[in-house]
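Here's the structure we're looking at; comments come further down.
Counting convention: from 1, in listed order, for ligands and their atoms alike.
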Amino acid sequence: MKLKSNTPLKNDLFLRAAKGEKVERVPVWLMRQAGRILPQYRALRNSLSGFKELVETPELACEVTLQPIDELEVDAAIIFSDILVIPEAMGLPYEMVEKRGPHFPKTIQTLEDVNALKIAEANDIAYTIEAIKLTKKELNGRVPLIGFAGAPWTIFAYMIEGGGSKTFSKAKGQLYKDPNLSHQLLEKITQSTIVYLKGQIEAGADLVQVFDSWAGILSPTQYAAFALPYIQKICDAIDEVPVTVFAKGAYFARPAVGELNCSVVGVDWNMDIKETRQIIPHKTLQGNLDPCQLYAPLSEVKKATQTMLEQFGGQKHIANLGHGVYPDTPLDSVKCFVDTVKEYSFS
Ligand code: 1CP
C-alpha cells in the first residue's frame, strides 16, 4: 500500500516562515510538544511496556504525534521518535530506563568499536519511516510534519558516555584524547544521519530539524573542529526540504551557524534576540522563550510571549521555546503561550 500523501497543506504558515516568505502571523509549535505535558500521552504511555514500544509502533507514534495538533492547535507536528534511534541502527542499542533516561549497555571505547559500527540505512529505522507515512496520511494536510535527528556531536556524546550526563566529560575528553577516533566516529554518524533524514523526507517530512542539544558544552575551538563541519555536511546533502539547525547553548558559534546551508536557526533563551538577528540577518530564527517562564502566572506568560514576539519583529520568526517544554509545565500555560502567539497582531 502506498501511503505517501501529496495532499496540499491547509496551514503552511510554518513552512512559509521557514523559507523566509512573508506570513500573516507568526507560526508556533513547541519542542517536546508530544509528551508528558499532555494527559492523553500519559494515559497511553502508562498502558505500554515502555518508551520504546511507543517509538517502535508506527500507529502509536502517529497517535501521539497528532495529540498536540488536536489539543494545542500548533502550526506544525513533529514526528514522535528519539535521536537515539541512530546509534541503535548503527549497532549500539539503547535502553530507556523509567524515570532515569537513556542507557547504552555498550559504549564506544576503541577504534575497533568504531569499525564494528555500520552506516545505518533508513530501513534500519523502518518504524519511524512508517510512522511518518502514516502521520502524513492522518494529518491530511492540516499542518506540516517535522522530521528530525540529533547532530553528530550530540549523538557522539551519548555513544561515548553511555547515557545522559551533566558534563559529558568522557565524550569531551575523547575529543582531546583521540581526535582520529573521534573524527571517524563523527563521520560514520554523519553518513547514517544523512541517509536517515533523506528517508524521512522521502516518507513525507516537510522540514527536518537537527538537534545539537549539547553544542553549548564545547569550547569554540572544539565546536569548530568536531561539530560544525559535520552539521555542514548534513545541510549540504539535503536540498529537498528546508533544514533547521538548533545548536543549543552555542551562542559563540552563531556567526558560523548563520552561514550554514540551512533555512532556520534555533535560538535558546541565553541568546539575546536583537543581537542574534544582527548576527544572522538573512535566516528565519526559531525560539526562544525560557521554558521555565511557563511556570509563572498566566498574565506573565502572556506578557513575556508578547515581548518575545515584538523583539523578533513578526517576520522570519517561528515561535517556540528556547528548549523542550518541561513535563510538569501546566497545560494552561502552554495553551496561553500558543494562543498569545496566534492572537498577536503587529501594529
Ligand atoms: O517516557 C518518556 O516519555 C520519556 C521522555 C522522552 C520523550 C517524550 C524521551 C526520552 N524522548 C522523547 C521524545 C523525543 N525526543 C522527541 C519527540 C517529539 C517532540 O518534540 O514532541 C524529540 C524531538 C526527542 C529528541 C531528543 N531526545 C533530544 C534532542 C532534543 C532535546 O530535548 O535536547 C535528546 C537530547 C534526546 C535524548 C533523550 N531522550 C529521552 C530523554 C529523557 C533524553 C535526554 C537524556 C539526557 O538527559 O541526556
Number the atoms of ligand 1 from 1 as they appear, then name those within less than 4.0 Å of a heavy atom of [X], with their elements.
X: G164; result: 46 (C), 48 (O)
X: Q33; result: 19 (C), 20 (O), 21 (O)
X: F148; result: 22 (C), 23 (C), 25 (C)
X: F211; result: 23 (C), 29 (C), 30 (C)
X: Y158; result: 35 (C), 37 (C), 44 (C), 45 (C), 46 (C), 48 (O)
X: M96; result: 10 (C), 39 (N), 40 (C)
X: S81; result: 13 (C), 14 (C), 15 (N), 16 (C), 17 (C)

Decide whether an N or O pair under 3.5 Å exists between [X] and ligand 1.
X: T154; result: no
X: R32; result: yes
X: H323; result: yes
X: I78; result: no

Options G50, P102, A77, ranked by nearest heavy atom to atom 42 (C) of ligand 1, top entry: P102
F51, F168, Y41, Y94: member with heavy atom nearest to atom 6 (C) of ligand 1: F51
For [X] and [Y], which I'm curious about, is there any donor-acceptor pair between the side chains at under 3.5 Å?
X: Y295; Y: D328; answer: yes
X: T135; Y: T65; answer: no
X: Q191; Y: E187; answer: yes
X: Q286; Y: W29; answer: yes

[atom]: the protein heavy-atom neighbour that sits closest, reported with distance to 0.1 Å:
atom: atom 29 (C) of ligand 1; value: S213 OG, 3.2 Å
atom: atom 34 (C) of ligand 1; value: I83 CD1, 3.4 Å
atom: atom 37 (C) of ligand 1; value: D82 OD2, 3.7 Å
atom: atom 21 (O) of ligand 1; value: A34 N, 2.9 Å

Test item, G150 contacting ligand 1 (heavy atom, 4.0 angstrom): no
contact_flag G324 ligand 1 heavy-atom lt 4.0 Å: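 Heavy atoms of G324 never come under 4.0 Å of ligand 1.
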Salt-bridge criterion met for [X] and [Y] (N-O under 4.0 Å):
X: R142; Y: D70; result: yes
X: K335; Y: E71; result: yes
X: E98; Y: R45; result: yes

Would you confirm whether [X], through its side chain, and [Y], through its main-chain N or O, come within 3.5 Å as a donor-acceptor pair?
X: E161; Y: A171; value: yes
X: N46; Y: R42; value: yes
X: K248; Y: H323; value: no

Contact partition for [X] relative to ligand 1, non-hydrogen atoms under 4.0 Å:
X: R45; value: side chain
X: R36; value: side chain
X: P68; value: neither

Row check, Y94 ring normal vs K52 NZ/CZ: under 6.0 Å, within 45°: yes
Plane angle bin for F168 and Y158 - parallel if under 30°, tilted between 30 and 60°, otherwise perpendicular: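 Rings of Y158 and F168: perpendicular, over 60°.
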Near-ring test F80/Y41, centroid separation under 6.0 angstrom: yes
